[in-house]
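Comments concern the structure below.
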Number of protein chains: 2
Amino acid sequence: MARSDTRYREAYNQILAYCETLPTAAPIPAETRLAEIAGVSRTVIRRCLARMEELGLISWQGRDKHLLRAPLADDRIAVPDAPADKSDFEQRFLDWVLRFDVPANTPLSVAELSRTFDVAQHDLKEFLAGLSRFGLVSRRPQGGWMLLGFTKDFAIELSDFRSVLEHNAVAQVADAPVDHPVWAALAQLRADHLALKQAIDTDFHEFSKLDERFHRCINSVVKNRFIAEFQKVISLIFHYHYMWDKTEEKHRNAAAIDEHLAIIDALEARDSEAAQAAALRHLRTSKTTLLSSLRHHDLG
Amino acid sequence: MARSDTRYREAYNQILAYCETLPTAAPIPAETRLAEIAGVSRTVIRRCLARMEELGLISWQGRDKHLLRAPLADDRIAVPDAPADKSDFEQRFLDWVLRFDVPANTPLSVAELSRTFDVAQHDLKEFLAGLSRFGLVSRRPQGGWMLLGFTKDFAIELSDFRSVLEHNAVAQVADAPVDHPVWAALAQLRADHLALKQAIDTDFHEFSKLDERFHRCINSVVKNRFIAEFQKVISLIFHYHYMWDKTEEKHRNAAAIDEHLAIIDALEARDSEAAQAAALRHLRTSKTTLLSSLRHHDLG
DNA sequence: CAATTGTTTTTTATAATAATATACAAATAC
DNA sequence: GTATTTGTATATTATTATAAAAAACAATTG
């Protein structure tokens with residue numbers, strides 16, 4: 001009933017690995033130095049040293065520390081099982097929400113989520129607290145959390161917000177200097193769009209990836225932490241909904257390719273006005289698609 | 001070492017108050033009904049009923065529940081002290097950060113914050129997790145949290161983001177129907193601006209409030225949860241920095257009044273282009289002011 | 001059989017606590 | 001003497017155990 005000693009165990013193995021690089025009988029650096037190496041506090045280092053002394057790996061008396069013998073594989077300490085990739089948990093959670101069409105206003109059980117996703121309960125709570133800033137979840141009066149989105153209103157507001165952001169991004173691209181990498185990227189994207197247009201009859205499902213690449217490219221010009229944070233959520237949501245709404249997919253994607261090309265044309269001509277107008281047209285189409293995809297899923 | 005029974009205690013008093021409205025010897029509603037009244041689960045209600053029976057307030061046998069006597073003030077149960085207004089904690093925290101110029105990259109001690117703000121540690125963690133979405137705080141590798149902003153980069157990106165949002169808001173105001181309440185609000189704001197302009201020599205410090213009102217008015221037209229969430233943080237930060245930067249305050253405010261009036265003029269003329277241009281000018285000034293205020297505070 | 005209560009199971013909020021970090025004092029080496 | 005390093009004390013954090021509360025289910029009752 002306290003915190004785990006994973007940090008100590010990992011540090012111990014790390015220090016052991018460091019000692020392997022030392023010649024036998026070599027003096028061992030100061031505790032502060034070791035703490036730096038392992039990225040932990042001196043408290044942990046002293047625990048490590050104590051164990052190493054106990055195992056007869058080192059002599060330790062005051063500031064006189066010496067390696068007695070080379071560490072063996074057997075000297076290593078066991079680290080509790082896999083640290084459960086916490087990094088991509090966000091991705092997996094949104095994936096779950098969207099893929100299984102978890103309806104709006106579903107109560108979320110932290111206990112259950114914790115089991116299915118193999119994430120500690122308080123990490124989950126932190127994550128949900130973060131999402132509540134995006135209005136995707138909220139606390140329930142009787143305790144616990146609930147999934148607010150994905151309603152029609154949410155989709156509309158998200159689309160509108162996306163339009164605002166991309167409108168700005170397009171304007172910035174048009175103003176980008178000639179040597180900006182975005183131009184090379186756009187040239188490549190144009191080629192890829194044209195290629196897919198040729199093969200649209202068979203490869204139309206490839207468009208989803210291309211779409212994401214295109215929008216990411218446009219937005220990459222904007223260096224802004226707030227916008228970047230939102231783009232992550234936005235692109236994920238749009239991306240998934242495009243993938244599922246199979247109605248008229250081929251025709252829809254063919255049209256979208258032309259819309260993308262129109263934006264690229266205007267941008268390369270440095271016609272900011274035209275580019276923004278083209279972007280606006282495309283974003284309107286996207287919004288319509290997102291909303292119709294919601295209708296098919298019987299939400300909102 | 002478990003959750004508090006505040007919910008039970010509050011529910012108990014609430015049920016007691018409900019019983020006061022009943023005539024003596026009246027039958028008491030079903031547990032489900034009582035649960036609805038108090039907004040808690042049946043589990044809590046049964047605890048309440050058990051206590052009421054024990055005190056001789058009611059008879060309780062199966063579904064036969066009757067009031068035996070009118071509840072007295074003395075029957076009430078003590079509720080643990082003030083629930084510490086958790087609602088405005090966000091405001092108080094940002095206030096603290098800005099008012100005391102907490103420098104960027106300051107480690108935040110949850111334990112200390114919990115004490116000074118009188119907020120439970122896990123509520124704080126939830127709050128910090130939310131702020132980390134805005135890039136204001138982040139987790140430290142060695143545990144705990146740290147305050148990232150308020151750096152120059154943060155201010156620049158925040159200003160830019162604000163510009164994007166307000167640019168959009170102004171465009172929407174220009175398109176608002178004649179009967180939209182924003183027009184009445186703007187008319188009032190125009191009058192207030194003109195009044196302050198007359199008295200600028202003495203009342204220039206009044207501008208800060210007016211500025212906040214003006215921007216809130218413009219943004220009120222945009223109905224979007226994402227934008228609204230950000231506006232809260234943005235307006236708070238700009239508001240405070242304006243209040244503190246005392247250099248040339250009078251002159252600065254006088255200029256800002258004219259900028260605001262120019263925006264109002266263009267909007268009332270339904271000249272979207274001119275309004276956006278005026279807004280852009282004003283936002284540029286704001287950004288400069290914010291940055292210079294940072295320089296005076298020796299940050300970034 | 002619909003509404004209500006009795007009982008069991010699950011989930012949540014929270015305080016207690018070991019692990020860790022940090023701060024400070026004493027000792028050592030140069 | 002002073003800059004490092006270690007020894008020790010204190011503070012903070014992460015995590016768990018657990019009572020409180022909610023939710024699910026079964027058994028009554030009118």
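Every chain is numbered from 1, with letters handed out A, B, ... down the list of sequences.
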With a 3.5 Å cut-off and sequence neighbours excluded, list the donor-acceptor pairs that the side chains of residues 26-42 of chain A form with protein atoms.
unit_1	atom_1	unit_2	atom_2	d
A/Glu31	OE1	A/Arg42	NE	2.9
A/Glu31	OE1	A/Arg42	NH2	3.0
A/Glu31	OE1	A/Arg46	NE	3.3
A/Glu31	OE2	A/Arg46	NE	3.3
A/Arg33	NH1	A/Glu36	OE1	3.3
A/Ser41	OG	A/Thr43	N	3.4

Could you list the donor-acceptor pairs under 3.5 angstrom formed by side chains in residues 68-79 of chain A, with sequence neighbours left out?
unit_1	atom_1	unit_2	atom_2	d
A/Arg69	NH1	A/Asp75	OD2	3.0
A/Arg69	NH2	A/Asp75	OD1	3.2
A/Asp75	OD2	A/Leu72	N	2.7

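Of the candidates D/dT13, C/dT12, D/dT15, the closest approach to any side-chain atom of A/Gln121 belongs to C/dT12.
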Taking only N/O atoms, report every protein-nucleotides 25-27 of chain D pair under 3.5 Å with atom names and distance.
none

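At the heavy-atom level, B/Thr6 lies under 4.0 Å from the strands shown only through sugar-phosphate atoms. Heavy atoms of B/Lys125 sit under 4.0 angstrom from at least one base atom.
Each of B/Arg140 and B/Arg46 was assigned the nucleotide of DNA chain C with the nearest heavy atom; the assignment lying further toward the 5' end belongs to B/Arg46.
Looking only at atom types and distance, the side chain of A/Asn219 has a donor-acceptor partner in the side chain of A/Gln231 under 3.5 Å away.
Within the structure, ring-ring contact (aromatic ring centres under 6.0 Å, His included) pairs that include any residue of residues 123-142 of chain B comprise B/Phe89-B/Phe127, B/Phe93-B/Phe127, B/Phe134-B/Phe230 (at least two apart or interchain). Annotation: side chain to side chain donor-acceptor pair (under 3.5 Å) contacts involving residues 51-63 of chain B, sequence neighbours excluded, comprise B/Tyr12-B/Arg51.
Between the side chain of B/Ser4 and the base of C/dA13, no donor-acceptor pair of N or O atoms lies under 3.5 Å.
Of the residues in residues 14-31 of chain B, not one comes within less than 4.0 Å of DNA chain D through any heavy atom.
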